[in-house]
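Inspection log for the structure reproduced underneath, given as structure tokens.
Residue numbering restarts at 1 for every chain, and letters A, B, ... go by the order of the sequence lines.
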Amino acid sequence: MSEINNITEENKKSLNFIEVIVEKDLAEGKNDRRIQTRFPPEPNGYLHIGHAKAICIDFGIAQKYGGICNLRFDDTNPVKEDVEYVDSIMEDIKWLGYEWGNVYYASDYFPRLWDFAVELIKKGKAYIDEQSAEEIARQKGTPTQAGTESPFRNRPVEESLSLFQKMNTGEIEEGKMVLRAKIDMASSNMHFRDPIIYRVINHPHHRTGTTWKAYPMYDFAHGESDYFEGVTHSICTLEFVVHRPLYDWFIEELRTDGYRPNQYEFNRLNLTYTVMSKRKLLQLVKENLVTGWDDPRMPTICGYRRRGYTPESIHKFIDKIGYTKYDGVIDVSLLEYAVREDLNAKAPRISAVLDPVKLIITNYPEGKVEMMEAINNPEDESMGSHEIEFTKELYIEREDFMEDAPKKFFRMTPGQEVRLKNAYIVKCTGCKKDENGIIQEIYAEYDPMTRSGMPESNRKVKGTLHWVSAEYNIQAEVRLYDRLFNVENPNEDKDKDFRELLNPDSLKVLTNCRMEKFVVTAKAYDNFQFQRLGYFNVDPDSKSGKLIFNRTVSLKDSWSKIVKNEN
RNA sequence: UGUCCCAUGGUGUAGUGGUAGCACAUCUGAUUUUGGUUCAGCCAGCCUAGGUUCGAGUCCUGGUGGGACAACCA
């Protein structure tokens, strides 16, 4: 107990509103001071960054206050669900670093939910409606107009009871019959206008097979499942606020003791340049517009994982955005900042050249090879160093050279000294062009006294270039992955086909690069001609050593601005 | 012509009724063998009108603006 108090003292100022509620409940001794949450995904798709926010609060609350968080699959609609999704969801939660107490399935509660439904019928609080979906919808009214009662609303209890049995035997066709709670067709809350709680679905369930024909609806299953499990704090997103009175209504009908779960809602995550709708993400996968749920451009947990994001970076991001009831849109640059911050400390650096042009050190001996030491990570000495070969002929990035450069161009241009990283200071003496004016070779002279580590190497030069030996290098296919969408808010215009807003396919470049095995940083270019620094991530699914250029964690494109200003 | 939720710099978030902080983004400067990092700094905010109060971002009321709700989805 004292431990909990200490935690709360320390974090008092940064408590989010859910934590405030939990602490108040704890202080009041609610539910015997027990804290239990649940993460309840429907297994109908892969988890995305929005789910990460829910996961962090569900598991985080349990962790922080000494409670447990269970994983529950809300599998009440067999048509959309699949074990593939169950497996991926578990994998992604584990990758984020969380452990659930138990794994539950709403489908485990089908018998108890059935009994509860029968009880409601017997109490006269539920009835079988034999109208069509259209008729029921029509009678529902609108938010500003009361609904009208179904002609079946007051049928005898026994009749409903026997029809309900038939709903589950297969003799009732889909859509011919539903079970409805009898509440209030004139309620200002649409969810109270005799909500449907059971419907017939003739589709095998991924866990219960063909045992059931009648399946409970979300509203009838969720709160009840919370109650069965002993959940104390049922945390979900804002769109369920209007469901809460119904959640409470069912709980009151169901509960037999002092305990009851309570629902609390927080704001869903919206990110610029990002579509989070599962339906749309599924569409991208099905239409092969991406390579799969784990395509590095996807906002899925596994997509980010393949892209090189760490679990820690996701946590940092979620910590920064907080939990409130305000519906906003978070700038994706905050996510990118969190990733850079984390990767900057961890990522080993290597040099790479994506668009090579030959640089010849004219006064360097033919055939000579020197081994240069390159620090793996300037932020972390313990990561050591690696050696790279320096030779007379090198490759540098084509855009690291300009024949007629503006003043603020700090890289290679005739007459200007630059440093070749980890090697010598060189001075450009000229270049050779073909008939079209395309640069073929660049010439420079090196100063032998300026090798890294020697006293002369401390001379100040404005630019430092990455380079690769023309003789000793490794070629790899590099993919430049951009943001999936090229507009700030692809959700804005709902009538527009969101697929039109997709960025064109990733750019594939054959390049010379020298690389270490894992996550590395390197100088590179994106396909918008902005020089950037970015993080490479070796695609773990690729045996051929492909690199994924992590464009969205790329750094400031200051060079592009310099050019704009100068011209 | 309904019910419910929400409103603090460009963005996101803190603020027991008592000096409105923080982060991202932008911009400026310093350091730097990554135009990265790091450091310093600039710019910029309580939707509105009343009320309660010695004192309101905070409490109350009315506006205004945004969002949710009319699936046999979750």
Side-chain angles (χ1 to χ4, degrees), chain A residues 12-16 40-42 44 74-77 79-81 106 129 132-133 136-138 140-147 174-180 187-193 196-201 215 217-219 221-222 236 238-245 265 267 272 278-279 319-338 340-341 344-345 349 351 374-375 378-379 408-411 418-423 425 450 452-453 457-458 460-466 521-523 531-535 554-559 561-562:
Chain A
K12 205 152 207 167
K13 288 203 166 150
S14 58
L15 290 187
N16 62 48
E42 183 188 14
N44 66 346
D74 241 335
D75 54 352
T76 57
N77 184 2
V79 177
K80 294 169 138 188
E81 296 152 9
D129 197 329
S132 69
I136 291 174
R138 215 176 303 124
K140 203 141 205 174
T142 69
T144 55
Q145 279 178 303
E174 268 185 42
K176 292 288 179 207
M177 219 173 257
V178 291
L179 181 67
R180 293 228 258 168
S187 172
S188 57
N189 185 330
M190 297 294 290
H191 298 279
F192 270 43
R193 323 246 262 226
I196 292 168
I197 58 180
Y198 262 90
R199 80 290 211 192
V200 176
I201 298 176
Y215 290 89
M217 299 282 289
Y218 164 85
D219 280 314
H222 199 93
C236 61
L238 246 24
E239 66 266 31
F240 292 102
V241 168
V242 284
H243 293 250
R244 196 192 326 132
E265 311 88 7
N267 59 341
T272 55
K278 255 192 210 176
R279 202 197 90 243
D319 280 350
K320 286 173 201 294
I321 62 175
Y323 295 85
T324 67
K325 287 168 126 39
Y326 175 73
D327 254 314
V329 185
I330 291 176
D331 197 307
V332 74
S333 65
L334 192 59
L335 205 211
E336 295 169 352
Y337 170 79
R340 283 203 308 272
E341 190 185 34
N344 182 51
R349 272 67 159 174
S351 300
I375 302 296
E379 307 294 320
K408 285 196 169 180
F409 184 76
F410 297 148
R411 287 167 285 161
V418 293
R419 188 187 307 279
L420 294 178
K421 190 169 168 62
N422 305 311
I425 293 174
T450 58
S452 292
S457 73
N458 290 331
K460 295 281 178 225
V461 289
K462 280 185 174 165
T464 301
L465 266 48
H466 283 224
T521 60
K523 199 167 201 175
Q531 187 201 13
R532 292 161 181 262
L533 288 168
Y535 297 89
S554 62
L555 307 175
K556 293 168 187 166
D557 51 336
S558 43
W559 163 234
K561 282 177 187 154
I562 291 165

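When the P atom of G12(B) is taken as reference, atom CD1 of I321(A) falls 11 Å away, rounded to whole Å. Atom CZ of R340(A) is separated from atom C1' of A23(B) by 13 Å (rounded to the nearest Å). Atom OH of Y326(A) is separated from atom P of U13(B) by 8 Å (rounded to the nearest Å). Rounded to a whole Å, the CG atom of D331(A) is 17 Å from the P atom of A23(B). Straight-line distance from the CZ atom of F410(A) to the C1' atom of U33(B): 15 Å, rounded to whole Å. In this structure, CD1 of I375(A) is placed 13 Å from P of U33(B), rounded to the nearest angstrom. The nearest whole Å value for the distance from the CZ atom in R244(A) to the C1' atom in U3(B) is 13 Å. When rounded to the nearest whole Å, the span between NZ of K460(A) and C1' of G35(B) equals 15 Å.
Screening I330(A), L335(A), V332(A) for a side-chain contact (heavy atoms from CB on, under 4.5 Å) involving T272(A) leaves a single residue, V332(A).
Nucleic acid contact for D219(A): none, since no nucleic acid atom lies under 4.0 Å from a heavy atom of the residue. Within 4.0 Å (heavy atoms only), V461(A) reaches no atom of the nucleic acid at all. Residue contacts shown for P378(A) include a base, since a base heavy atom lies under 4.0 Å away. As judged by a 4.0 angstrom heavy-atom cut-off over every strand, Y323(A) is placed among residues touching the sugar-phosphate backbone only. Nucleic acid contact for K325(A): sugar-phosphate only, since backbone atoms but no base atoms lie under 4.0 Å from a heavy atom of the residue. As judged by a 4.0 angstrom heavy-atom cut-off over every strand, T324(A) is placed among residues touching the sugar-phosphate backbone only. Among the atoms of the strands shown, base atoms are found under 4.0 Å from some heavy atom of S452(A).
Across the P atoms, G55(B) and G50(B) are found 15 Å apart, a figure rounded to whole Å. A gap of 16 Å separates the C1' atoms of G45(B) and U19(B), to the nearest Å. When the P atom is compared between G57(B) and G21(B), the two are found 14 Å apart, to the nearest whole Å. Atom name P, nucleotides A20(B) and U58(B): the rounded distance is 14 Å, in whole Å. Nucleotides U8(B) and A56(B) place their C1' atoms 14 Å apart, quoted to the nearest Å. Comparing C72(B) with U16(B), their P atoms are spaced 44 Å from each other, to the whole Å. Using C1' as the reference atom, C24(B) and A44(B) are 14 Å apart when rounded to the nearest Å. The P atoms of C43(B) and A7(B) are separated by 28 Å, rounded to the nearest whole Å.
With contacts defined as side-chain heavy-atom distances shorter than 4.5 Å, the pair K278(A)/K80(A) does not qualify. Using a 4.5 Å heavy-atom threshold, the side chains of H222(A) and D74(A) count as touching. Contact check for R244(A) versus F240(A): no side-chain heavy atoms found under the 4.5 Å cut-off. Proximity of V461(A) to T450(A): side-chain heavy atoms (C-beta onward) are nowhere separated by under 4.5 Å.
Between N267(A) and U13(B), a side-chain N or O to OP1/OP2 separation shorter than 4.0 Å is present. Between U11(B) and K320(A), no contact under 4.0 Å exists linking OP1 or OP2 to a side-chain N or O.
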Study note, to complete from the structure: Quick tally for nucleotides 60-73 of chain B: nucleotides whose base has a protein heavy atom under 4.0 Å get B, sugar-phosphate-only ones S, the rest -, giving -------SSSB-BB
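The minimum heavy-atom distance linking T76(A) with R199(A) is given by the pair O-NH1, 3.3 Å. Between H191(A) and D219(A), the closest heavy-atom pair is ND1-OD2, 4.2 Å. Between D75(A) and A106(A), the closest heavy-atom pair is OD1-N, 3.2 Å.
Between the CD atom of E379(A) and the CG atom of N344(A) there is a distance of 4.0 Å, given to the nearest 0.5 Å.
Under the Watson-Crick and G-U wobble criteria, each requiring two contacts below 3.5 Å, nucleotide G62(B) is paired to U48(B). Pairing of G18(B), defined by two Watson-Crick or G-U wobble distances under 3.5 Å, is identified with C54(B). A 3.5 Å limit on both hydrogen-bonding distances identifies A68(B) as the Watson-Crick or G-U partner of U3(B). Across all strands shown, U11(B) forms a Watson-Crick or G-U wobble pair, both distances under 3.5 Å, with A23(B).
Considering only the side chain of L334(A), A23(B) comes nearest among G2(B), U33(B), A23(B).
If you find the closest nucleotide of RNA chain B to S457(A) and to I330(A), the one lying nearer the 5' end belongs to I330(A).
Without hydrogens or angle criteria, D129(A) side chain to V178(A) main chain gives no donor-acceptor distance under 3.5 Å.
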